[in-house]
S.K.: 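Provided herewith is a single structure, encoded as structure tokens, for subsequent inquiry.
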Amino acid sequence: MTSNLATNLTAGRLDRARTVLAAQGVDALLLTPGAELRYLTGYDALPLERLTCLVLPVTGDAHLVVPKLERPRADESPAAGLGIAIVDWPETADPNALVASLLNSALGAAPSRIAVADRMWAIHSLALGAALAPATLTPAGPVLRELRMRKDPAELAALRDAAAAIDRVHDRVPQGLQAGRSESEVGRDIAEAIIAEGHVAVNFVIVAGGPNGASPHHDTGERVLQQGDLVVVDIGGTNAAGYCSDSTRTYALGDPGAEALAMYAVLQRAQEASCNSVRPGVTAEGIDAAARDVIAAAGYGDFFVHRTGHGIGLDEHEEPYIVSGNADPVDAGMTFSIEPGIYLPGRFGARIEDIVAVTGDGVERLNRSTRDLVVLD
Ligand code: ZN
Ligand code: ZN
């Protein structure tokens, strides 16, 4: 049942991608392993120096070109059930020439404009570019963005599952967060919990105590946590469906002091205001401003040094970006983080991050663990 549903949804994506190719005047889409390939085919392929590539011409048959030794994995993937012909290439063959000949015969002419995966390795994009010369290569992002930004019901279910899993990890964080332990020790426990609570991969673990909390992407290190520290814990993983989680909570080891408590209260109001501003038609920059205005009005404007959020799905960071300058309205089905932070250099910092989904008339918060400052004795 479930796999049939997934297959139907994915087949619709191939058709929609072709429609966009035609509308944008692009002759074909070439996708190597990564989120875009998984989105269109369901194939979670290994990124290798040997070429694996979906060849999707605007008209004609789609092919999945795979190294011969990867053929069994490709055959087991949903790709075969989507009407994509799987073609393997032997170890000493030239897969780039194979891609060119498949495209030429599908299109009945040499292609002139080809979109390639945004994160295709240079060794592949350069070799494909040479094999397809004089065709122009462009990024696939603009072809797939409208599709990938709006999550379908199966994707929303997968993101809810990932969010619930990371919420359970945050619920367990207080057990191991103690003065006298290093950030790294705490981080290793959290990484184990990320897997134990239902992810297949740990994407990142940030444990940033005291002054380290003022660095938004601090490398979890050897600093020993101290009584009175604010500790920023920002964690994320990938679940079996390939979808990502990402949630930040801030903890305090005992009383962090009046100034930190006052700052946290501002941050919590800002995060709340931004979440509450989300509904279809509101601009991404409007959602950013809803958080930023609260923080600026309290005098911390210079200390909120990053955008308010990023889209999330098969990639940890994807469109839409919730940032000043992005005047695009958000729409039902879009999912992104709301993660304002305040960072006082050399002293302390705090961040609160939820993943939200835009609904037909408002917002659904996918993360549910407490957003209050968690003060540990
Ligand atoms: Zn995060
Ligand atoms: Zn994030």
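Atom set for the values below is all heavy atoms of this structure, side chains included, hydrogens, waters and symmetry mates excluded. Note that ligands are numbered from 1 as they come in the structure, with each ligand's atoms numbered from 1 the same way. On a predicted model such as this, the values are computed, not experimentally measured, just so you know.
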S.K.: Could you pull out all donor-acceptor pairs under 3.5 Å where a side-chain atom in residues 162-177 meets a protein atom, sequence neighbours excluded?
M.R.:
{"residue": "Asp167", "atom": "OD1", "partner": "Asn367", "partner atom": "ND2", "Å": "3.0"}
{"residue": "Asp167", "atom": "OD2", "partner": "Arg368", "partner atom": "N", "Å": "2.6"}
{"residue": "Arg168", "atom": "NE", "partner": "Glu197", "partner atom": "OE1", "Å": "2.8"}
{"residue": "Arg168", "atom": "NH2", "partner": "Glu197", "partner atom": "O", "Å": "2.7"}
{"residue": "His170", "atom": "ND1", "partner": "Tyr251", "partner atom": "OH", "Å": "2.7"}
{"residue": "His170", "atom": "NE2", "partner": "Ser247", "partner atom": "O", "Å": "3.1"}
{"residue": "Arg172", "atom": "NH1", "partner": "Glu197", "partner atom": "OE2", "Å": "2.8"}

S.K.: Between the side chains of Ser77 and Asp44, is a donor N or O closer than 3.5 angstrom to an acceptor N or O?
M.R.: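 No, no side-chain donor-acceptor contact under 3.5 Å.
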S.K.: Table please: side-chain donor-acceptor pairs of residues 287-305 below 3.5 Å, with sequence neighbours left out.
M.R.:
{"residue": "Asp288", "atom": "OD1", "partner": "Arg292", "partner atom": "NH2", "Å": "2.9"}
{"residue": "Asp288", "atom": "OD1", "partner": "Thr308", "partner atom": "N", "Å": "3.1"}
{"residue": "Asp288", "atom": "OD1", "partner": "Thr308", "partner atom": "OG1", "Å": "2.7"}
{"residue": "Asp288", "atom": "OD2", "partner": "Arg292", "partner atom": "NE", "Å": "2.9"}
{"residue": "Arg292", "atom": "NH1", "partner": "Phe304", "partner atom": "O", "Å": "3.2"}
{"residue": "Arg292", "atom": "NH2", "partner": "His306", "partner atom": "O", "Å": "2.8"}

S.K.: Please table the atom pairs, donor to acceptor, closer than 3.5 Å between any side-chain atom in residues 54-68 and protein atoms at least two apart or in another chain.
M.R.:
none

S.K.: Within less than 2.8 Å, report the number of protein N/O/S atoms around the Zn ion (ligand 2).
M.R.: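 Count of protein N, O, S atoms less than 2.8 Å from the Zn ion (ligand 2): 4.
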S.K.: Does the pair Arg249/Asp372 count as a salt bridge with the N-to-O cut at 4.0 Å?
M.R.: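 Answer for the salt bridge query: no.
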S.K.: So, taking the atom named CG in Asn96 and the one named CH2 in Trp89, what distance separates them when rounded to the nearest 0.5 Å?
M.R.: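 The CH2 atom of Trp89 is 8.5 Å from CG of Asn96, to the nearest 0.5 Å.
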